[in-house]
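The structure under discussion appears below in the form of structure tokens.
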Amino acid sequence: MAISKRNLIFLGAPGSGKGTMAAALREVEPLAHISTGDLLRDEIKRDTALGREAAGIMKAGGLVSDDIVCGMVRNRLAQPDCANGFILDGFPRTIAQAEKLTEVLAELNKKLDAVVNIVVEDEVILTRLTSRLSCRGCSEIYNKISKKPKVEGVCDVCGGELYQRPDDSLETAQQRLAVFYKNTQPLIDYYRERGLLVDIDKEEVPEKLEQLLAALA
Ligand code: ADP
Ligand code: ZN
């Protein structure tokens, strides 16, 4: 089933499964995946000036400056692979970023088709975040409880090493959740008022994907 809404934002609390849903959608539709968290972690890995600036903030569960993330997103959206559609995962996270995004999209002659709101109960989120494992190689996401890799500590996809992100500790996860409620949750109403919001509230990934494909048809 082909979708007609292809320029997308995935909105949701940390640990709501934005990355997982993005991967599931991309198995059916070749959309570019733009995760600002992954872009920032890549800067840190390469030890760039930008990465050094972001590392401390991320470790504490805070938000990296709007200028930095908006600049990164702008460059990424201008790449040719975004012409066929994109998923913004973890961006925007503030109203200011949302307004900047509107400008950037206008400059690039693009328009937003839908904002996917991944609804998850609060209690589920902390457990999920603190049991999450990520691949150093390809950023695939696992879970110590619900999505174990075939071989402990090793990525099924690329054979890379699995690790717990430093910001998935309980303390930082709580802080990230607080930041989400304060800064990012207002975006739900912001985009609902603009008629762009699509709520995805099914529990299991296959049903979620079905609901998502229907909404983007
Ligand atoms: P999650 O959605 O699980 O919290 P991400 O990988 O999206 O994780 O983000 C990890 C961290 O990177 C955030 O806690 C924040 O410090 C930083 N970050 C990512 N995206 C943004 C953004 N759009 N604005 C500001 N900071 C960001
Ligand atoms: Zn991997």
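Since the model is a prediction, treat every value here as computed from it, not as a measurement. Ligands are counted one by one from 1 in listed order, and the atoms in each one are counted from 1 as well.
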Worked check of salt bridge (Lys or Arg N to Asp or Glu O under 4.0 Å) between D156 and K148: CA-CA 10 Å; D156 294 350; K148 292 187 192 173; over 6 Å; no
Apply salt bridge (Lys or Arg N to Asp or Glu O under 4.0 Å) to the pair D42 and K45, showing each step before the final yes or no. CA-CA 5 Å; D42 185 56; K45 197 157 111 187; 5.1 Å; no
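In this structure a side-chain-to-backbone donor-acceptor pair under 3.5 Å is present from K147 to I141. At distances below 3.5 Å, not a single donor-acceptor pair connects side-chain atoms of T172 with backbone N or O atoms of G61.
Of the candidates L77, D89, I87, I34 forms a side-chain contact (heavy atoms from CB on, under 4.5 Å) with just one, namely L77.
Closest to atom 16 (O) of ligand 1, if we only count protein heavy atoms, is G62 O, 2.5 Å. What sits closest to atom 8 (O) of ligand 1 on the protein, heavy atoms only, is R165 NH2, 3.2 Å. Nearest protein heavy-atom contact of atom 12 (O) of ligand 1 is M58 CE, 3.3 Å. Given atom 1 (P) of ligand 1, the protein heavy atom at minimum distance is R176 NH2, 3.3 Å. Here the protein heavy atom with the shortest distance to atom 18 (N) of ligand 1 is L40 CD1, 3.5 Å. Nearest protein heavy-atom neighbour of atom 24 (N) of ligand 1: Q97 NE2, 2.9 Å. In terms of protein heavy-atom proximity, atom 20 (N) of ligand 1 is nearest to T36 OG1, 2.8 Å.
In the candidate list K18, R128, M72, R93, R93 is nearest to atom 7 (O) of ligand 1, counting heavy atoms.
With the Zn ion (ligand 2) as the vertex, SG of C155 and SG of C135 span 110° to the nearest 10°. With the Zn ion (ligand 2) as vertex, C158 SG and C138 SG subtend 110°, rounded to 10°.
Contacts of D167 with ligand 1, taken as heavy-atom pairs under 4.0 Å, involve the side chain alone. Contacts between Q175 and ligand 1 below 4.0 angstrom, taking non-hydrogen atoms only, are absent altogether. Within the 4.0 Å heavy-atom criterion, the part of V69 lying near ligand 1 is the side chain and not the backbone.
Contact record, L162 with P149: CD1-CG, 3.5 Å, taken as the closest heavy-atom pair. When all heavy atoms of T130 and Q164 are compared, the closest pair comes out as O-NE2, 3.1 Å. In this structure, C138 and V157 approach most closely via the heavy-atom pair SG-CB, 4.3 Å.
Judged by the 6.0 Å distance and 45° axis criteria, R176 is not positioned over the aromatic ring of F180.
Between D38 and ligand 1, no N or O atom pair is found at a separation short of 3.5 Å. Considering both main-chain and side-chain atoms, G90 comes within under 3.5 Å of ligand 1 through a nitrogen or oxygen pair. Where the criterion is an N or O separation shorter than 3.5 Å, residue side chain and backbone included, S35 fails it with respect to ligand 1. Checking only distances, V64 does come within under 3.5 Å of ligand 1, N or O to N or O.
Between K5 and E29 there is no salt bridge, since none of the side-chain N atoms of the basic residue sits less than 4.0 Å from a carboxylate O of the acidic one.
Ligand 1 does not have G61 within reach: every non-hydrogen atom of the residue lies 4.0 Å or more from it.
Interatomic distance, CE of M21 versus CG of L212, reported as 5.0 Å (0.5 Å rounding).
Remark: ligand 1 atoms within the under-4.0 Å shell around heavy atoms of R41 are 6 (O), 10 (C). Atoms of ligand 1 found under 4.0 Å from any heavy atom of R132, numbered from 1 in the order shown, are 3 (O).
Placement of I125 and I145 in two distinct hydrophobic clusters is found when ILVMFWY residues are connected by side-chain heavy-atom separations under 4.5 Å, directly or transitively.
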